[in-house]
Amino acid sequence: VQLQASGGGLVQAGDSLRLSCAASGRTFSSYCMGWFRQAPGKEREFVAAISWSGDTTYYADSVKGRFTISRDNAKNTVDLQMNSLKPEDTAVYYCAAEYLRPTWVATMMSGNGMDYWGKGTQVTVSS
């Protein structure tokens with residue numbers, strides 16, 4: 001699976017932005033998908049995750065209520081709708097895929113052992 005994230009940009013605090021991650025391959029629906037971010041000088045952190053079917057989602061506390069993750073298995077895409085953006089949301093955002101295993105949630109939360117990573121897209125939120 002190859003992943004390509006897009007949609008980043010420079011916005012002002014309070015604005016919205018929608019990131020999209022396009023996946024290649026015919027087994028996209030077998031993967032749980034996640035978004036992660038890494039700010040300058042900080043470690044990569046989990047942002048949001050979605051199950052293979054899209055019926056289960058998880059969010060970091062810092063983005064809960066503001067960000068929404070969704071997927072379209074027919075189009076092999078996973079999106080991250082980001083509303084009410086804050087300067088502290090500034091980071092490079094990455095999408096990643098984890099094969100549907102019983103441990104997928106734990107793997108997703110830690111970000112360690114993900115099967116595939118895409119190149120990041122920069123999100124900058126000015127105050």
Side-chain angles (χ1 to χ4, degrees):
V1 176
Q2 291 186 324
L3 305 173
Q4 180 65 55
S6 62
L10 172 62
V11 297
Q12 294 186 332
D15 285 351
S16 297
L17 206 57
R18 189 176 184 90
L19 304 183
S20 186
C21 177
S24 64
R26 293 174 291 179
T27 60
F28 177 72
S29 59
S30 298
Y31 288 85
C32 305
M33 301 298 296
W35 285 95
F36 298 79
R37 67 186 181 187
Q38 186 166 20
K42 295 188 177 181
E43 293 188 352
R44 183 185 63 207
E45 65 174 355
F46 165 77
V47 175
I50 189 166
S51 63
W52 68 275
S53 64
D55 60 356
T56 304
T57 57
Y58 296 91
Y59 297 94
D61 288 341
S62 59
V63 306
K64 202 170 293 183
R66 299 189 298 122
F67 290 12
T68 302
I69 188 171
S70 60
R71 67 186 296 161
D72 186 333
N73 286 344
K75 295 182 179 179
N76 283 13
T77 58
V78 58
D79 291 349
L80 184 68
Q81 177 66 42
M82 306 186 294
N83 298 329
S84 303
L85 283 162
K86 304 175 181 180
E88 50 264 42
D89 294 318
T90 295
V92 177
Y93 284 71
Y94 300 88
C95 60
E98 167 68 3
Y99 188 74
L100 179 58
R101 301 182 181 92
T103 56
W104 77 270
V105 175
T107 300
M108 195 72 72
M109 294 295 177
S110 71
N112 296 322
M114 299 292 290
D115 291 314
Y116 300 99
W117 289 90
K119 293 183 179 180
T121 184
Q122 176 71 46
V123 172
T124 303
V125 184
S126 64
S127 58

Q122 atom CD, neighbour heavy-atom count above 12 within 6.0 Å:
yes
With a 4.5 Å heavy-atom cut-off, do V1 and D115 have their side chains touching?
no
Nearest heavy-atom contact between S51 and C32 is CA-SG, 4.1 Å
Same cluster or not: V92 versus F36, using hydrophobic residues (I, L, V, M, F, W, Y) connected whenever any side-chain heavy atoms lie under 4.5 Å apart?
yes
Got a second to check how far Y59's OH is from F46's CZ, nearest 0.5 Å?
9.0 Å
To the nearest 0.5 Å, tell me how far L80 CG sits from Y93 OH.
7.5 Å
Please list, chain by chain and in numerical order, all residues satisfying salt bridge (Lys or Arg N to Asp or Glu O under 4.0 Å) with R66, sequence neighbours excluded.
D89
V125-F67 co-clustered via ILVMFWY side chain contacts under 4.5 Å:
yes
Let me see the working for L3 and M33 under side-chain contact (heavy atoms from CB on, under 4.5 Å), right down to the final yes or no.
CA-CA 10 Å; L3 305 173; M33 301 298 296; 3.9 Å; yes
What one should report as the nearest heavy-atom pair of L85 and V11 is CD1-CG2, 3.7 Å
Distance (rounded to the nearest 0.5 Å) between Q12 CD and S127 OG:
9.0 Å
On a heavy-atom basis, which atom in G9 and which in L17 lie closest, and how many Å separate them?
N-CD2, 3.8 Å
Distance only, no hydrogens: is a donor on one side chain within 3.5 Å (strictly under) of an acceptor on the other, for Q4 and S6?
no
Heavy atoms of other groups near Y99 OH, more than 12 under 6.0 Å:
no
Do V123 and R37 have side chains that get closer than 4.5 Å, going by heavy atoms?
no
I'd like to know if the side chain of D72 reaches the main chain of D79, judged simply by a donor and an acceptor atom lying under 3.5 Å from each other, with no hydrogens or angles considered.
no
Non-hydrogen atoms of W52 and S29 that approach each other most closely:
CB-O, 3.2 Å
Shortest non-hydrogen pair, N83 vs S16, comes out as OD1-OG, 2.9 Å
Solution key, residues 104-114 side-chain donor-acceptor pairs under 3.5 Å, sequence neighbours excluded:
residue, atom, partner, partner atom, Å
T107, OG1, T103, O, 3.2
S110, OG, A106, O, 3.4
S110, OG, T107, O, 3.1
S110, OG, N112, N, 3.1

For the pair W117 and Y94, name the ring-plane relationship: parallel under 30°, tilted 30 to 60°, perpendicular over 60°.
perpendicular
Hey, what do you get for CD1 (I50) to OG1 (T68), rounding to the nearest 0.5 Å?
10.0 Å
Over all atoms of both residues, closest heavy-atom pair of S24 and N76
C-ND2, 4.4 Å
Would one find more than 12 heavy atoms of other residues, nucleotides or ligands at under 6.0 Å from atom NZ of K64?
yes
Y116 meets the ring-ring contact (aromatic ring centres under 6.0 Å, His included) criterion, sequence neighbours left out, with Y31
Run the numbers on K75 and S20 for side-chain contact (heavy atoms from CB on, under 4.5 Å), then give the verdict.
CA-CA 11 Å; K75 295 182 179 179; S20 186; over 6 Å; no
Derivation of the side-chain contact (heavy atoms from CB on, under 4.5 Å) call for R71 and I69
CA-CA 7 Å; R71 67 186 296 161; I69 188 171; over 6 Å; no
